[in-house]
**Student:** 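Below is a structure I'd like to ask you about.
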Amino acid sequence: MSIRPILIHPDPRLKKLCEPVSAVTSDIGKLAEDMLETMYDAPGVGLAAPQVGVLKRIFVMDCVKEDDAEKRPMVLINPEIIASSEETNTYEEGCLSIPEQYAEVTRPKLVTMRWMGLDGKTHEDEFDALWATCAQHELDHLNGKLFIDHLGAIKRQMITRKMVKYKREKARA
Ligand code: K2U
Ligand code: ZN
C-alpha cells in the first residue's frame with residue numbers, strides 16, 4: 001500500500017469527466033487500496049480517483065468518525081445515483097483538494113446508489129447523513145465538479161485565489 005499525493009485546486013485534472021472502469025483488474029485493486037490508505041492518512045472520510053491524478057470512475061469512503069468504532073471502508077466503482085430524496089440537508093463541506101476552506105452546501109438528504117464492487121458484483125444501497133453528503137461530494141469529483149462549484153461566483157473565486165496563493169507558497173518552500 002502507498003500514500004499518493006493529493007492534487008490541489010486549481011488543477012485541470014480535477015475538472016475532467018472521469019472514464020468508466022472497464023474491468024476490476026489487480027491495478028484497480030491496488031489503486032483502491034492506495035486511495036483508502038491516502039484517505040485515512042489525510043485524514044478524510046472520502047477520496048475520489050481524480051484527486052490522486054487517476055481519471056477513472058472510482059471513489060472510496062468511510063464515514064465512521066468515532067476513533068474506537070470499527071472502520072467501514074467502501075470502494076465504489078462506476079457509481080451512479082438511482083434515487084434521491086426531495087428533502088435536503090445542508091453540511092459545511094471541505095475537500096482534501098481545497099485545504100482549509102469550508103462552505104455550506106445543500107444536497108439531497110438521502111441517496112440510493114448503484115455501483116460495482118471490487119468483487120465485480122453490482123451493489124445497491126441507500127445512504128443518509130454524512131454518508132449521503134460524502135457520496136454526492138465524491139461523485140461530483142468523478143464529473144469534474146468541486147464543492148465550490150455549488151457556491152456563488154464571488155465565494156468560489158475568493159477560495160480559488162486563496163488556493164493559487166497556497167500553491168505558490170508551497171512551491172517556494
Ligand atoms: O473528497 C474529498 O475531498 C474528501 C472529503 C469528503 C467530504 C467532504 C465534505 C463532506 C463530507 C465528506 C474529505 O473527507 S474532507 C474532510 C472531512 C472530514 C470529516 C467530515 C467532513 C469532511
Ligand atoms: Zn473533495
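Both counts, for ligands and for their atoms, begin at 1 and track the order of listing. All of these numbers come straight from a predicted model, not from anything done at the bench.
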**Student:** Give me the one residue out of H9, M163, K162 that meets side-chain contact (heavy atoms from CB on, under 4.5 Å) with P99.
**Tutor:** M163

**Student:** Return the orientation label for the W131 and F127 ring planes: parallel under 30°, perpendicular over 60°, tilted otherwise.
**Tutor:**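 Because their plane-to-plane angle is under 30°, the rings of W131 and F127 count as parallel.
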
**Student:** Within the 4.0 Å heavy-atom shell around G46, which atoms of ligand 1 are there?
**Tutor:** 2 (C), 4 (C), 14 (O)

**Student:** Between CZ of R57 and CD of E138, what distance do you get to the nearest 0.5 Å?
**Tutor:** 12.5 Å

**Student:** Report the nearest protein non-hydrogen atom to atom 9 (C) of ligand 1: residue, atom name, distance rounded to 0.1 Å.
**Tutor:**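 Result for atom 9 (C) of ligand 1: G94 O, 3.5 Å.
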
**Student:** Once you round to the nearest 0.5 Å, how far does OG of S85 lie from CD of E126?
**Tutor:** 8.0 Å

**Student:** Should the pair R4-D41 be classified as a salt bridge under the 4.0 Å nitrogen-to-oxygen rule?
**Tutor:** no

**Student:** Spell out the protein N/O/S atoms under 2.8 Å from the Zn ion (ligand 2) as residue plus atom name.
**Tutor:**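 Listed by chain and number, the nearby protein N, O or S atoms are C95 SG, H137 NE2, H141 NE2.
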
**Student:** Which atoms from ligand 1 have a heavy atom of G44 less than 4.0 Å away?
**Tutor:** 14 (O)

**Student:** Indicate whether the side chain of S97 and that of Q51 have a donor and an acceptor atom separated by less than 3.5 Å.
**Tutor:** yes

**Student:** I'd like to know whether NZ of K16 has more than 12 heavy-atom contacts from other residues, nucleotides or ligands below 6.0 angstrom.
**Tutor:**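 No.
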
**Student:** Determine, considering heavy atoms only, which of W131, Y102, Y91 sits nearest to atom 21 (C) of ligand 1.
**Tutor:**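 Selected option, by shortest heavy-atom distance: Y91.
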
**Student:** Just to be sure I read this right, does ligand 1 sit under 4.0 Å from the backbone of H141, its side chain, both, or neither, counting only heavy atoms?
**Tutor:**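 The side chain, only.
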
**Student:** What part of I98, side chain from CB on, backbone N/CA/C/O, both or neither, has a heavy atom under 4.0 Å from ligand 1?
**Tutor:** neither

**Student:** Rounded to the nearest 0.5 Å, what separates atom NZ in K109 from atom CG in D128?
**Tutor:**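 Separation between the atoms: 7.0 Å.
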
**Student:** Return the closest protein heavy atom for atom 3 (O) of ligand 1 as residue, atom name and distance.
**Tutor:**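 For this ligand atom, the closest protein heavy atom is L96 N, 2.7 Å.
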
**Student:** At what distance, to the nearest 0.5 angstrom, does CG of L146 lie from CG of D140?
**Tutor:** 8.5 Å

**Student:** Got a second to check how far T106's OG1 is from H150's NE2, nearest 0.5 Å?
**Tutor:**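 So the gap between those two atoms works out to 10.0 Å.
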
**Student:** As an exercise, identify every atom of ligand 1 less than 4.0 angstrom from a heavy atom of C95.
**Tutor:** 3 (O)

**Student:** Would you compute the distance between atom OG1 of T122 and atom CD1 of I77 and round it to the nearest 0.5 angstrom?
**Tutor:**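 Rounded to the nearest 0.5 Å, the OG1-CD1 separation comes to 10.5 Å.
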
**Student:** Where is the nearest protein heavy atom to atom 1 (O) of ligand 1: which residue, which atom, and how far?
**Tutor:**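 For this ligand atom, the closest protein heavy atom is E138 OE2, 2.8 Å.
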
**Student:** To which protein heavy atom is atom 12 (C) of ligand 1 closest, and what is the distance rounded to 0.1 Å?
**Tutor:** V45 CG2, 3.4 Å

**Student:** Answer yes or no: is there a donor N or O on one side and an acceptor on the other, between the side chain of D62 and the main chain of R72, under 3.5 Å?
**Tutor:**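 A pair under 3.5 Å: yes.
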
**Student:** If you have a sec, work out which protein heavy atom is nearest atom 11 (C) of ligand 1 and how many Å separate them, to one decimal?
**Tutor:**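 The answer is L130 CD1, 3.6 Å.
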
**Student:** Could you tell me if any non-hydrogen atom of Q51 lies under 4.0 Å from any atom of ligand 1?
**Tutor:**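 Flag set, Q51 near ligand 1.
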
